[in-house]
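In what follows, a structure is listed as structure tokens, so that the remarks can point back to it.
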Amino acid sequence: MESYKKNWFKYIIGFIFCMLIRLIPSRPPNIEPILATQMPFSKAYGAISGFLFAFLSIVLFDLFTMKIGLWTIITALTYGVLGLWAFSFFKNKKESRINYVYFAIIGTLFFDIITGVLAGPILFGQNFMEALTGQIPFTLSHLAGNMTFAFFLSPIIYQYIILNKKFETNQLINLFNPKRI
């Protein structure tokens, strides 16, 4: 078992980081670091934390941008399921780049099938073939983004944020301790 301590300050920093990236103007909607950030936090903090990380990322972003709707619930629940799945997947696996990229591939395909290929026809009356063919370029771009973030960002988050003792809440509070100065 890795030596880490659940630290909600780190979790919130990861959450804010994802929110800020998603707020970049003209950013393609499928290029964002939620999955890459969610994977290491799911491994370290557990299934419920993994679920809530993505679920709340989607819901709070949509509330903040005033674009909440049925799509918010579908997307948030699907991403939340990926957090549960990531915990299960990484439970007995090393946090390697290969494992992060592998999960990013299967997770992205799962997410895009649910939210793109199935949700359009079932909930919005879209033609199935239109949903499928329209989803292909979106999914290719989504895969490229998630694989890249998983390769570079996920290991950094795990090694330098989650396992980093300098980012522990008590260490940060001690920085402002008048007795220390």
Side-chain angles (χ1 to χ4, degrees), residues 11 14-43 45-91 93 95 97-155 157:
Y11 189 84
F15 189 83
I16 291 170
F17 168 74
C18 287
M19 186 72 84
L20 292 175
I21 295 295
R22 294 186 75 215
L23 287 170
I24 293 173
S26 303
R27 176 194 54 80
N30 53 352
I31 306 295
E32 45 77 21
I34 293 174
L35 183 60
T37 307
Q38 176 188 40
M39 289 186 287
F41 279 108
S42 293
K43 176 176 177 54
Y45 287 29
I48 300 301
S49 296
F51 178 90
L52 288 174
F53 185 90
F55 182 86
L56 291 174
S57 290
I58 299 298
V59 171
L60 294 177
F61 177 83
D62 285 5
L63 280 170
F64 183 77
T65 58
M66 295 184 283
K67 295 180 181 176
I68 195 126
L70 181 58
W71 187 254
T72 302
I73 301 304
I74 295 164
T75 306
L77 286 173
T78 305
Y79 246 134
V81 167
L82 284 177
L84 299 173
W85 188 10
F87 170 74
S88 177
F89 179 85
F90 287 103
K91 190 174 188 176
K93 287 185 176 53
E95 62 288 340
R97 291 181 192 278
I98 290 171
N99 285 335
Y100 285 130
V101 170
Y102 178 72
F103 189 82
I105 292 168
I106 59 174
T108 302
L109 293 174
F110 170 80
F111 181 84
D112 284 2
I113 287 169
I114 299 296
T115 62
V117 177
L118 298 177
I122 292 171
L123 299 171
F124 304 110
Q126 185 179 19
N127 176 288
F128 178 77
M129 286 309 291
E130 287 176 2
L132 179 63
T133 56
Q135 190 63 39
I136 292 170
F138 185 90
T139 297
L140 290 174
S141 176
H142 204 187
L143 279 167
N146 279 347
M147 290 168 62
T148 302
F149 280 127
F151 185 83
F152 292 107
L153 186 60
S154 296
I157 289 170

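From a predicted model like this one, the values you see are computed outputs, not experimental measurements. Counting begins at 1 with the first residue of the sequence.
Sparse packing is recorded around CD1 of Ile48, with 12 or fewer heavy atoms of other residues, nucleotides or ligands lying under 6.0 Å away. Remark: Ile98 CD1 is loosely packed, at most 12 non-hydrogen atoms of other residues, nucleotides or ligands lying under 6.0 Å away.
Between Met39 and Asn99, the closest side-chain pair of non-hydrogen atoms is not below 4.5 Å. Between Phe61 and Leu23 the shortest side-chain heavy-atom distance falls below 4.5 Å. Contact of the Pro40 side chain with the Tyr100 side chain is registered, since non-hydrogen atoms from C-beta on lie closer than 4.5 Å. No side-chain heavy atom of Asp112 sits less than 4.5 Å from a side-chain heavy atom of Leu143.
In terms of heavy-atom proximity, Val117 sits nearest to Phe128 at CG1-CE1, 3.4 Å. Between Ala104 and Leu35, the shortest heavy-atom contact is CA-CD2, 3.8 Å. When every heavy atom of Leu84 is checked against every heavy atom of Ala47, the shortest pair comes out as CD2-O, 3.4 Å. Annotation for Ala150 and Ala36: closest pair N-CB, 3.9 Å, computed over non-hydrogen atoms. Of all the heavy atoms in Phe138 and Pro29, the pair that sits closest is CE1-CG, 4.1 Å. Ser141 and Ile31 get closest at one heavy-atom pair: O-CD1, 3.4 Å.
Here the straight-line distance linking atom OG1 of Thr65 with atom CG of Leu60 works out to 10.5 Å at 0.5 Å rounding. Separating the CG atom in Leu82 from the CG atom in Leu77 is a distance of 11.5 Å, to the nearest 0.5 Å. For the atom pair OG1 of Thr78 and CD1 of Ile113, the computed distance is 11.5 Å after rounding to the nearest 0.5 Å. Rounded to the nearest 0.5 Å, atoms NZ (Lys43) and OG (Ser88) are 11.5 Å apart. Atom OG of Ser154 sits about 10.0 Å away from atom CZ of Phe149, to the nearest 0.5 Å. In this structure, OG1 on Thr115 lies 11.0 Å from CG on Leu123, to the nearest 0.5 angstrom.
Considering Tyr45, Phe17, Phe41 as possible partners of Phe53, the one that fulfils the ring-ring contact (aromatic ring centres under 6.0 Å, His included) test is Phe41.
Under the rule for a side-chain hydrogen bond (donor to acceptor under 3.5 Å, both in side chains), Thr148 has no partner lying at least two apart in sequence or in another chain.
For the ring-ring contact (aromatic ring centres under 6.0 Å, His included) condition, the pairs that include at least one residue of residues 102-126, sequence neighbours left out, are Tyr79-Phe111, Trp85-Phe103, Trp85-Phe110, Phe89-Tyr102, Phe89-Phe103, Phe90-Phe103, Phe111-His142.
A donor-acceptor pair under 3.5 Å is formed between the side chain of Arg27 and the backbone N or O of Ile21.
No hydrogens or angles considered: a donor-acceptor pair under 3.5 Å links the side chains of Thr139 and Gln135.
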Stepwise side chain to side chain contact (heavy atoms under 4.5 Å, CB included) test for Thr72 and Leu63: CA-CA 9 Å; Thr72 302; Leu63 280 170; over 6 Å; no
